[in-house]
Protein chains: 2
Amino acid sequence: MRASDRAYGSLRADILEWRLPPGTLLAEVEQASRLGISRTPLREALSRLVAEGLAAAHSGRGVVVTAVSLAGVVDLFEVRLPLECAAARLAAARRDPAAFDALAERFEAAGALISSGGTDQHAYYGLVAELDAAIDEAAANPYLVQAQRQLRTHLVRARRLARDNPGRLLASAGEHRQIAEAVARGNPELAAAAVTIHLSNSLHHLQASVPGPLDA
Amino acid sequence: MRASDRAYGSLRADILEWRLPPGTLLAEVEQASRLGISRTPLREALSRLVAEGLAAAHSGRGVVVTAVSLAGVVDLFEVRLPLECAAARLAAARRDPAAFDALAERFEAAGALISSGGTDQHAYYGLVAELDAAIDEAAANPYLVQAQRQLRTHLVRARRLARDNPGRLLASAGEHRQIAEAVARGNPELAAAAVTIHLSNSLHHLQASVPGPLDA
DNA sequence: AGGCGGGGTTCTGTATACAGGAAAGCCTGA
DNA sequence: TCAGGCTTTCCTGTATACAGAACCCCGCCT
C-alpha cells in the first residue's frame, strides 16, 4: 500500500474519532515525522482531507481540522434527507429481497440486545454501516454513492455531539428495521417514508442533546 | 496563484471542453512539461481531478480521463433531481425576491433572443450558471453546494452528448424562468415542481438526441 | 509456431533540497 | 506605555533526484 494512502487513512480516522479535535493545526513537517513518512505523500493525504471537507487550508498557515457545529449538522441533514430518500427509493426498486430481509432481522436482534442491556454501540454502528452499504449497492448509482460517502463522513464526526443513550439506540434500531423491511418489500415510497422518519428523529435527538452551539 | 491551481484549472477546462477526450492518458512527465511546471504540483492537480471523478487512476499506468456514457447521465440525473429540488425548496424559503425576479426577466429576454435567431449558446449557459449560483447562495448550505458542484461538473461534459437545437434552448429558457419565478414567489413546492419539469425535459432531450450508447 | 521467461525501458511513488512568503516577536521611537 | 516597523524564523510551495514496480518486447525453449 502507498504511504499516502496510509497517511490519509490514519489522519482521517484520527479526525473522525476526535483524536485530532477541530481546530488542530496539521503542520506538514510535524505530521510527516509523526507518521514516519516524507512531506510529499503527506501533502497528498492532506489535500484529500481538504477536498473531503475534514480540513481547511488556512492560507500560509497550513491546514486545520474543520469545526463541527450544530448549525452545520442541520445543514448536513437538509442534504441527507433528500439523498437518503432517493437512495432508499432506488434500492427498493432494484433490491435483492433476501439481503434486506436478513438485515431487518439483524436489526430486530440488535434491538433485543439493546433492551437487555448488552449495548455494544460500536457493533451497532457497524450494522448501520452495513445497511447503508447494502442500500448503496442496491441503488447502483456511483454519483449517489459518492455524495453519500461525503455526507456520512461528516455524520460520523457529528455523532460525537450527541450523547447516545440506550433509549435512542433502541428507537434507532426499530427505525432501521423499518427501512430494511420497506426496501425488502420493494416499496419505494414506504422506504422513503421510513428514511424520513429516521432522519427526523435522529436530528431531533441530536438537537435535544446538544444544549448550545458547541464549536469546540 | 499556485502552479498546482493553474494546472488543475487548465486540465479541468481541457477535460470539460473535450480537448482532452475520455480515455486520454494523462502521463505525469508529459503533462508537466506541457504545462511548464514540475511533477509535484501536477500530481496535486491530478489527484484533485481523480477525487472529482473526471479522471481515474489506472494503477501503475497513470490516470486517464473517465468515460461519459448515456447510462452515466441517467445516474447523474437520478441524483440531480432530489438535490436540485432540495436546493430550490431551500432557496424559495430563504430567497431574496428581487434577485430572482431579475433572473426571471433575463430568462424571458433570453427566450426572446433565441426565438429571433440570435442564439448565443455560451452566453445562455452562463445565465443558467448564474441562476444555479443564485439558488446555491439562497439555499446557504455548504454541503448542498459541494454536492451540486460535483454533479454540475459532470453535467457540463455530458452536455456534449446532446446536440442542443434552438427549440430545446427556447423551452429550457421558459423552464428556467418558471424556476426563478417560483423561487421569487417563495413557494418551495412550486419551485421543486418547476425543477422536476426542467430536469425531466432535459434528460428526455438528452436521451432522444443520443441514438446509442456512445462511450467515446 | 506458440508460449514462457528475462532484460530493458519507462513509469509512478517517495525523499530531500531550495526558495518565497507570511506570521510572530522584538526593538525603537514618539 | 503603546504603536509601528523591522527582523527573524518558521512553514508552505516547488523542483529535482532516486528507488521500486509494472509493462513490453525480444529471444529461447518446447
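These numbers come from the heavy atoms of this one structure, side chains and all, not from hydrogens, waters or symmetry mates. Lettering follows sequence order; numbering is per chain, from 1.
Considering all non-hydrogen atoms of both residues, Ala158(A) and Leu206(A) come closest at O-CD2, 3.8 Å.
Defined by atom type and a distance below 3.5 Å, a donor-acceptor pair is present between the side-chain atoms of Gln31(B) and Arg34(B). A side-chain donor from one of Arg168(B) and Ser202(B) sits under 3.5 Å from a side-chain acceptor of the other. There is no side-chain donor-acceptor pair under 3.5 Å between Asp132(B) and Gln148(B).
Nearer the 5' end of DNA chain C, as judged by each residue's closest nucleotide, is the contact made by Asp5(A), out of Asp5(A) and Arg61(A).
Using a 30° and 60° split on the angle between ring planes, His176(B) and Phe107(B) fall in the parallel class, below 30°.
The distance from atom CD of Glu44(A) to atom P of dT12(D) is 17 Å, rounded to the nearest whole Å. In this structure, the CG atom of Leu25(A) is 11 Å from the P atom of dA24(C), given to the nearest Å. In this structure, Arg2(B) atom CZ and dG21(C) atom C1' are separated by 14 Å, rounded to whole Å. Rounded to whole angstrom, the span from the CG atom of Leu42(A) across to the C1' atom of dG13(D) amounts to 14 Å. dT14(D) atom P lies 11 Å from atom CE of Met1(B), rounded to whole Å. Separating the CG atom of Leu35(B) from the P atom of dT14(D) is a distance of 13 Å, rounded to the nearest angstrom. Between the NE2 atom of His58(B) and the P atom of dG13(C) there is a distance of 13 Å, given to the nearest Å. dC11(C) atom C1' lies 13 Å from atom CG of Leu46(B), rounded to whole Å.
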Task: B/S/- contact track for nucleotides 15-22 of chain D, protein heavy atom under 4.0 Å - done: BBB-----
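Between Asp5(B) and Arg48(B) there is a salt bridge, with a side-chain nitrogen of the basic residue lying less than 4.0 Å from a carboxylate oxygen of the acidic one. The residues Glu52(B) and Arg157(B) are annotated as not salt-bridged, no charged nitrogen and carboxylate oxygen being separated by less than 4.0 angstrom.
Applying the 4.0 Å criterion to OP1 and OP2 of dT14(D), one finds that Ser4(B) has a side-chain N or O inside that range.
The listed nucleotides are dC23(D), dT12(D), dT12(C); the one nearest the side chain of Arg43(A) is dT12(D).
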